[in-house]
Amino acid sequence: MTVATRLANAGDLASLRQKILAGRKSTKIAISVCAGTGCRAQGSMELFEEFQRELQEQNLTDVEVRATGCHGFCEQGPLVVIFPRKIFYRGVKVKDVPRIVEKTIRNNEVVDSLLFKDPATKKKCLLENEVPFYAKQQRIVFRNNGKIDPTQIDDYIAADGYAALAKVLTKMSAEQVIEQVSQAGLRGRGGGGFPTGRKWDICRAQPGDEKYVICNGDEGDPGAFMDRSIMEGDPNSVLEGMTIGAYAIGASRAYIYVRAEYPLAVTNLSIALEQSRSLGLLGENILGSDFSFDVEIVRGAGAFVCGEETALIASVQGDIGSPQQRPPYPAQAGLWGKPTNINNVETWANVPVIIDKGSKWFAGMGTEHSKGTKVFSLVGKVLNTGLVEVPMGTTLREIVYDIGGGIPKKRKFKAVQTGGPSGGCIPESLLDLPVDFEKLTEAGGMMGSGGLIVMDERTCMVDVAKYFLAFLVDESCGKCSPCREGVMQMHSILCRIVQGEGREGDIELLEQLAAYVKESSLCQLGGTAPNPVLSTLRHFRNEYEAHIKDKKCPAGVCTALVEFEVDEELCKGCGLCMRDCPTEAVIGEKKQPHKIDVELCIKCGVCYEDCPFDAVIAK
Amino acid sequence: MPGEKSASVEEIDVSAARKIAAGHRAQGNSLVTVLQDVQTEYGYLSGEVLEAVAEEMEVPFSQAYGLATFYSSFSLQPRGKHHICVCMGTACHVRGAANILEKLERDLGISSGETSEDLKHSLESVNCLGACALGPVVVVNDAYHGKVSSRDVDKIVADLE
Ligand SMILES: Cc1cc2nc3c(=O)[nH]c(=O)nc-3n(C[C@H](O)[C@H](O)[C@H](O)COP(=O)(O)O)c2cc1C
Ligand code: SF4
Ligand code: SF4
Ligand code: FES
């Protein structure tokens, strides 16, 4: 950080920005290492230290080593970008460090083997934006992620950070802020898609001076991790958004509720809080205005239902996180009974850009009723996994094939699951669907928080439905019986189906129960719990029937219904399956077709997954 | 639970728990926050510790126990020297996390949610760690392993000793 003197007004902020920028030469050589959770998991912090050590040793002390947040392409991590040329290296290991320093830092040469190779064209990509994964993306929420050091507020300020807040405090009334957010057409990114401007307006109109703002960073949907990435990689954008929102609503205190599983998000948010406080961007009389506001972090303790707003409020108060009947809505009586406005992490991060660039610009992106971009986590059976930000209205096909590179191992696409446990599975016939709030719901999916889990021919849709119901049985808070008992009953029916004990009439029974649970649950956890079953029934009913009538699992997943066999034509006798079989059930000579002894086989599925020639087949 | 106190052979020193609780209470922080910090200190929440916390925070024991059982990040049992956590998020699931968990159960001889008798290993599955791009993910004492195959499990288990 430069100097931590409080900024007395908007002019001070502008001069600080000028000062920071003047101190940065664009020609300076810098090594930027991704320090997001994904890359850390693959050793990026060791890499960071190794770069520092190597540069020290070689006396290259004017080369800067920088740690950034997630670039979204975690699967290719650890990622390293070398400035000023912005050379993009992927899968960098500690042992590559001397080579990079020698070739790239000293001699300005490229280490070819560390570049990303486009599997389609076999072309190597020198820069990040040449990589097909990024080419179709439009990064608004992710404007800074992967570029700035999230632990240095200077980096955020240099990237025009807090300019929107300064504009709001000097030039805009609360009504104007709400008007602009409404005009932009921003809708909540936490799942429901409620218009953000309208939500703020409702809270603002409530009587009383004591109001609260909450950032929902619980991100419970399995398969989604964009909120984590934003909180870790650009925490100040969330804080700035919240401050602007609080100004519009008339709140002076806020909480960020962060999932228990996200310790790095807590660390980076805490640093951002401290730094913005010391600059007077939070606290009393922000930027010399008469607006005062502060934020506190609350760590979640591991309960999916706490993502639901009334449960979240109970949890912040230190209680068991069980949902409350609405109305009253949190906007009327929320935290400690006071009017409270809750928005999702990604929603908040959109706010500063809308103020900065205007509602027209924002509303220029997207579809009729869904404006702006959405960050999706593209994961599962897809080649390029990671976080993808695209304008609303981009088709699923573009996301899965152009950005995601399609399905690995030349297998066949089956479905993409959206919306987490409240969502559904969308089949191949609907791949050209432009994704927005309405279209996804019509197709039996849901926007949810933006998880897109790709499934191929080896994913069993009955198993997927069972998986989500098991999740929901586990996470139901137990307060109301339709959800507690109904979902459990549905789950046990699915269990019996995958065990091969499905009965005639089970599908109808599932449908009946689904309707009942949907209708009568207290909160949306129960209210949407049947969706994974209903959507798979709608698009993949034949798979249910195969399990129930033919006692077969076409995808080869449900162990009770499969028998593994080696296709002698396809088997090359490589011996991989034999080596990995835990029960020595595979027999055969090298280079000769192998066989599986069904008596010994425990159906662990290892050989089925292992075989490079897909010679192990499920019957 | 209080009645089962005799189950633990060693007496647990609850003074640290009392101190943490008193500190938070002075700041007006919530009971969940207290339990989080106490668990960080002890590794788990034993009956004695919960009792001490409840007393210090002036709430009924049932309230502390209720929270400790409701939230999944709280553990009422000691964890093993090596704590192994398998991610069961959707992305990991479709990439075969269930097979990985089953293999760990077989290789370690304990079921998910259990701690081995010698307190060497504990195994747990979690709903999603948010490292979905790397699935299947296994975390051993805070160290992440991504794209885990059954062969990697052999290595992970071998490295535990
Ligand atoms: C069971 C359940 C879980 C939820 N989990 C989350 C979550 O993890 N993150 C989130 O932002 N919203 C979650 N929501 C939605 C919130 O209740 C709330 O609508 C949202 O935070 C509002 O913010 P937004 O308008 O910016 O989307 C969940 C809702 C339900 C019913
Ligand atoms: S619907 Fe489920 S999670 Fe929601 S209140 Fe009822 S039991 Fe609890
Ligand atoms: S499924 Fe498992 S036990 Fe059966 S043959 Fe294959 S590797 Fe062996
Ligand atoms: S953590 Fe490095 S790209 Fe996501």
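Below, read A as the first sequence line, B as the second, and so on, with proteins coming before strands; counting in each chain starts at 1.
For chain A, no part of K103(B) is nearby; none of its heavy atoms comes within less than 4.5 Å. Only the side chain of I453(A) comes within contact range of chain B, with heavy atoms under 4.5 Å apart. Within the 4.5 angstrom heavy-atom criterion, no atom of L452(A) approaches chain B. Heavy atoms of D474(A) lying under 4.5 Å from chain B belong exclusively to its side chain. In this structure, no portion of S377(A) lies under 4.5 Å from any heavy atom of chain B. Proximity to chain B is limited to the side chain of R228(A), based on heavy atoms less than 4.5 angstrom apart. Looking at V298(A), neither its backbone nor its side chain comes within 4.5 Å of chain B, counting heavy atoms on both sides. C306(A) touches chain B through its side chain: at least one heavy atom from C-beta onward sits under 4.5 Å away, while N, CA, C and O do not. In this structure, the portion of D610(A) lying under 4.5 Å from any heavy atom of chain B is its side chain and not its backbone. Heavy atoms of P582(A) lying under 4.5 Å from chain B belong exclusively to its side chain. Heavy atoms closer than 4.5 Å to chain B are found in the backbone of Q317(A), but not in its side chain. R259(A) touches chain B through its side chain: at least one heavy atom from C-beta onward sits under 4.5 Å away, while N, CA, C and O do not. Looking at T559(A), neither its backbone nor its side chain comes within 4.5 Å of chain B, counting heavy atoms on both sides.
Note on E296(A), E219(A), Q76(A), Q42(A): by heavy-atom pairs under 4.5 Å with chain B, the leading option is Q42(A). Counting heavy-atom pairs under 4.5 Å between each of D319(A), T459(A), D221(A), V316(A) and chain B puts D319(A) at the top. Ranked by non-hydrogen atom pairs under 4.5 Å with chain A, the options F74(B), F70(B), Y144(B) are led by F70(B). Between chain A and the residues G96(B), A91(B), C128(B), the largest count of heavy-atom pairs under 4.5 Å involves C128(B). Contact count against chain B (heavy-atom pairs under 4.5 Å) is highest for G321(A) among S315(A), G321(A), G386(A), A260(A). Your options are L67(B), N99(B), V137(B), and the one with the most heavy-atom pairs under 4.5 Å with chain A is L67(B). Put simply, of V379(A), V557(A), D227(A), the one with the most heavy-atom pairs under 4.5 Å next to chain B is V379(A). Counting heavy-atom pairs closer than 4.5 Å to chain B, the top-ranked of the candidates E261(A), E609(A), M226(A), R579(A) is R579(A). Of the listed residues (G72(A), P263(A), A41(A)), the greatest number of heavy-atom pairs within a distance under 4.5 Å of chain B belongs to A41(A). In terms of heavy-atom pairs under 4.5 Å with chain A, the best-connected choice from A98(B), C132(B), G89(B) is C132(B).
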Verdict with supporting geometry, L378(A) and V454(A), side-chain contact (heavy atoms from CB on, under 4.5 Å): CA-CA 7 Å; L378(A) 183 63; V454(A) 182; 3.9 Å; yes
Audit row: C34(A), F73(A), side-chain contact (heavy atoms from CB on, under 4.5 Å) steps and yes/no: CA-CA 10 Å; C34(A) 179; F73(A) 207 12; over 6 Å; no
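Heavy-atom neighbours of D118(B) CG from other residues, nucleotides or ligands within 6.0 Å: above the threshold of 12.
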For residues 460-472 of chain A, which side-chain N or O atoms pair as donor and acceptor with protein atoms under 3.5 Å away, sequence neighbours left out?
| from | atom 1 | to | atom 2 | distance (Å) |
| --- | --- | --- | --- | --- |
| D463(A) | OD2 | H93(B) | NE2 | 2.7 |
| Y467(A) | OH | M88(B) | O | 2.5 |
| Y467(A) | OH | T90(B) | N | 2.8 |

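Residue I297(A) holds its CD1 atom at 12.5 Å from OH of Y255(A), rounded to the nearest 0.5 Å. If you take OG on S150(B) and CG on L104(B), they are separated by 10.5 Å, rounding to the nearest 0.5 Å.
Side-chain contact between T37(A) and F225(A): absent, with no pair of heavy atoms (C-beta onward) separated by less than 4.5 Å. Looking only at side-chain heavy atoms (C-beta outward), C39(A) and C70(A) stay at 4.5 Å or farther from each other. Counting heavy atoms from C-beta outward, N384(A) and I403(A) have side chains that stay 4.5 Å or more apart.
Test Q417(A), M455(A), R458(A) against V94(B) for side-chain contact (heavy atoms from CB on, under 4.5 Å) and you get one pass: M455(A). The residue from H82(B), H83(B), R79(B) that alone fulfils the side chain to side chain donor-acceptor pair (under 3.5 Å) condition with N141(B) is H82(B).
Using modelled atom types, one finds a donor on one side chain and an acceptor on the other under 3.5 Å when comparing H24(B) with D37(B).
S116(B) places no side-chain N or O within donor-acceptor distance of the main-chain N or O of I110(B), the cut-off being under 3.5 Å.
Ion pairing between K147(B) and E75(A) holds under the 4.0 Å rule for side-chain N and carboxylate O.
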